[in-house]
There are 2 protein chains.
Amino acid sequence: MSNHAHDHDCPGCSSPDLAFSRHDHAHCAQDVLARADAIAEENGVRLTPVRRRALEILLESHRAMGAYDVLQRLAADGFGNQPPVAYRALEFLVEQGLAHRIRRLNAFAACMHPGEDHAPVFLICRGCNAVAEAQAAPVRAALDAAAAAIGFSVERANVEALGLCPACKEAAA
Amino acid sequence: MSNHAHDHDCPGCSSPDLAFSRHDHAHCAQDVLARADAIAEENGVRLTPVRRRALEILLESHRAMGAYDVLQRLAADGFGNQPPVAYRALEFLVEQGLAHRIRRLNAFAACMHPGEDHAPVFLICRGCNAVAEAQAAPVRAALDAAAAAIGFSVERANVEALGLCPACKEAAA
DNA sequence: CCTTGACCTGTTATGATATAACATACATAT
DNA sequence: ATATGTATGTTATATCATAACAGGTCAAGG
C-alpha cells in the first residue's frame with residue numbers, strides 16, 4: 001500500500017515545501033485515516049462509512065475537490081447520489097478539523113495535520129491548481145493581533161493565497 | 001451631502017477600529033468616488049456609469065453585498081437586470097482595487113483605501129454581519145514569508161476572519 | 001423486551017451564485 | 001466615415017448549496 005513505513009514524519013506529507021512535489025502519499029492517507037479514527041473517538045462523534053469514505057476520497061486525490069466531485073465518487077461506491085450526502089459528510093469533516101474548505105475554489109481538501117491545532121494557510125497554484133496547506137502560525141498571530149487591536153475576536157480564519165508554485169514558476173520562465 | 005469636510009483623514013472611515021461603529025459615511029463615499037475617478041484615469045480604464053453606480057451602491061450600504069443585491073439596485077436605476085451586468089461591474093471594481101470580494105459571504109464590499117496598496121484583512125462579525133476592512137501589513141508579510149520559504153509566489157491573497165465585533169461581544173455578555 | 005429519543009442517511013425540491021455565448025451600441029482614432 | 005476595440009445588454013445554462021421531510025439505526029431507560 002505504501003512504499004515506505006513511518007509514523008508521522010514523512011517529508012512528502014508533513015513538509016509544506018514538498019506539498020507541490022510529486023510523491024507517493026498512500027501512506028499519508030493511512031496515517032490521516034488512523035488519526036481521524038482516534039479524533040472521532042476523542043470527540044465523541046462517529047466517523048461513519050460515508051464520512052470515512054469522503055475523507056478517503058479527498059486524501060486519494062490529494063487536491064481540492066468540489067462537493068459534486070466527491071458526491072460522484074461516493075455515489076459510485078453505493079452511497080446516496082444527492083448533494084446533501086456530500087455536503088453533510090464534508091461539513092462533518094470540516095467541523096472535526098479533518099478537512100478544510102477552500103472558498104476561492106468552492107472546494108474541499110483533506111487536512112494533512114488533523115488534530116494538531118494548526119493555523120492553515122492555503123497556497124493555490126494558478127498554474128497546476130495544486131493546493132498546499134502550509135502551517136503558518138505567524139500569520140495567524142499577526143491576524144489575531146490586528147483583530148485584538150480593534151476589539152474583534154477571531155473565531156475562525158481563512159487565509160488563501162493565489163500564485164505560482166515552484167514548478168509552474170520554472171515552467172513559465 | 002457630508003456633515004464635515006476633510007480630505008482623507010476621517011476617523012470613521014480610515015480607522016479600522018471605528019469601522020464597526022455607527023458613523024456618517026456619506027463623505028467616505030465622496031472621497032472614495034473622487035479617488036476612484038483618479039485611479040481609473042491613471043490606469044487608463046473607464047469608470048463608466050454602471051461601474052460608478054455599482055461602486056456608489058457598495059459605498060452607500062457600507063457593508064458586503066451579494067451580486068444579486070447590487071444587480072437589483074442597478075436595475076432600479078435603469079441599468080440591465082441580468083446577472084452579468086452586476087458581475088461585470090463588480091469584477092471591474094475588484095480588478096481596479098476599488099472593491100473586494102469576500103468569499104466567505106459570496107459578497108462584495110467597496111474598498112475603503114483604494115490606491116493605497118494595502119493588505120486588506122476582513123473581519124466579519126457573525127453577530128451583526130458587519131465587515132471591517134483592517135489593514136494588516138504584518139499579516140501579509142508573514143504570509144509572504146511562509147510562501148517564500150517553500151518557493152511559492154503569492155500574487156493575490158484573501159484573509160477573512162469570522163468572529164465577534166466589540167459591540168456584539170458586549171451584547172452577548 | 002420494546003419504546004423513546006438522538007442521530008444518521010437518503011430523497012425531493014428548490015434556492016442561490018456565477019458564467020458562456022452572442023447581439024447591439026458606443027467610443028476613439030485614423 | 002469607418003474600422004477597431006471595448007462596454008452593455010440579453011438569453012440561456014452551469015455550478016454550488018440548502019430546506020424540508022421520510023425512513024433507518026442504535027443505544028439508554030422504562
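Quantities reported herein were computed from a predicted structural model and do not represent experimental measurements. Lettering of chains follows the sequences in order, A, B, ..., and the numbering in each one begins at 1.
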Query raised in the report: Within the distance-only criterion (no hydrogens, no angle test), does the side chain of Arg51(A) pair as donor or acceptor with the backbone N or O of Arg46(A) below 3.5 angstrom?
Result: yes
**Report entry** Gap between atoms CD and P, on Glu91(A) and dA17(D) respectively (whole Å)
**Finding:** 12 Å
Query raised in the report: Quick one: Met65(A) CE to dA17(D) C1', roughly how many Å, whole number?
Result: 17 Å
**Report entry** Salt bridge Asp69(B)-Arg73(B), side-chain N to carboxylate O under 4.0 Å
**Finding:** no
Query raised in the report: Where along residues 98-110 of chain A does a heavy atom come under 4.0 Å from DNA chain C, residue by residue in number order?
Result: none
Query raised in the report: Over how many whole Å does the gap from Leu90(A) atom CG to dC8(C) atom C1' extend?
Result: 16 Å
Requested in this report: For Glu95(B), enumerate each residue passing the salt bridge (Lys or Arg N to Asp or Glu O under 4.0 Å) test, keeping only those at least two apart in sequence or located in another chain.
Outcome: none
Query raised in the report: Is it true that Glu60(A) and Arg53(A) make a salt bridge, defined as a side-chain N closer than 4.0 Å to a carboxylate O?
Result: yes
Query raised in the report: With the sugar-phosphate defined as primed atoms, P, OP1 and OP2, and the base as all remaining atoms, what B/S/- string results for nucleotides 3-14 of chain D, 5' to 3', for protein heavy atoms under 4.0 Å?
Result: ----SBBBB---
**Report entry** Residues Glu160(B) and Arg103(B) bridged, charged N to O under 4.0 Å
**Finding:** no
Query raised in the report: Taking only N and O in the side chain of Tyr87(A), is any of them less than 4.0 Å away from OP1 or OP2 of dA17(D)?
Result: yes
Query raised in the report: With a 4.5 Å limit on heavy-atom distance, are the side chains of Phe92(A) and Tyr87(A) in contact?
Result: no
Query raised in the report: Can we call the ring centroids of His100(B) and Phe108(B) under 6.0 Å apart?
Result: no
Query raised in the report: Is the side chain of Lys169(B) donor-acceptor paired with the backbone N or O of Gly163(B) at a distance under 3.5 Å, no angle test?
Result: no
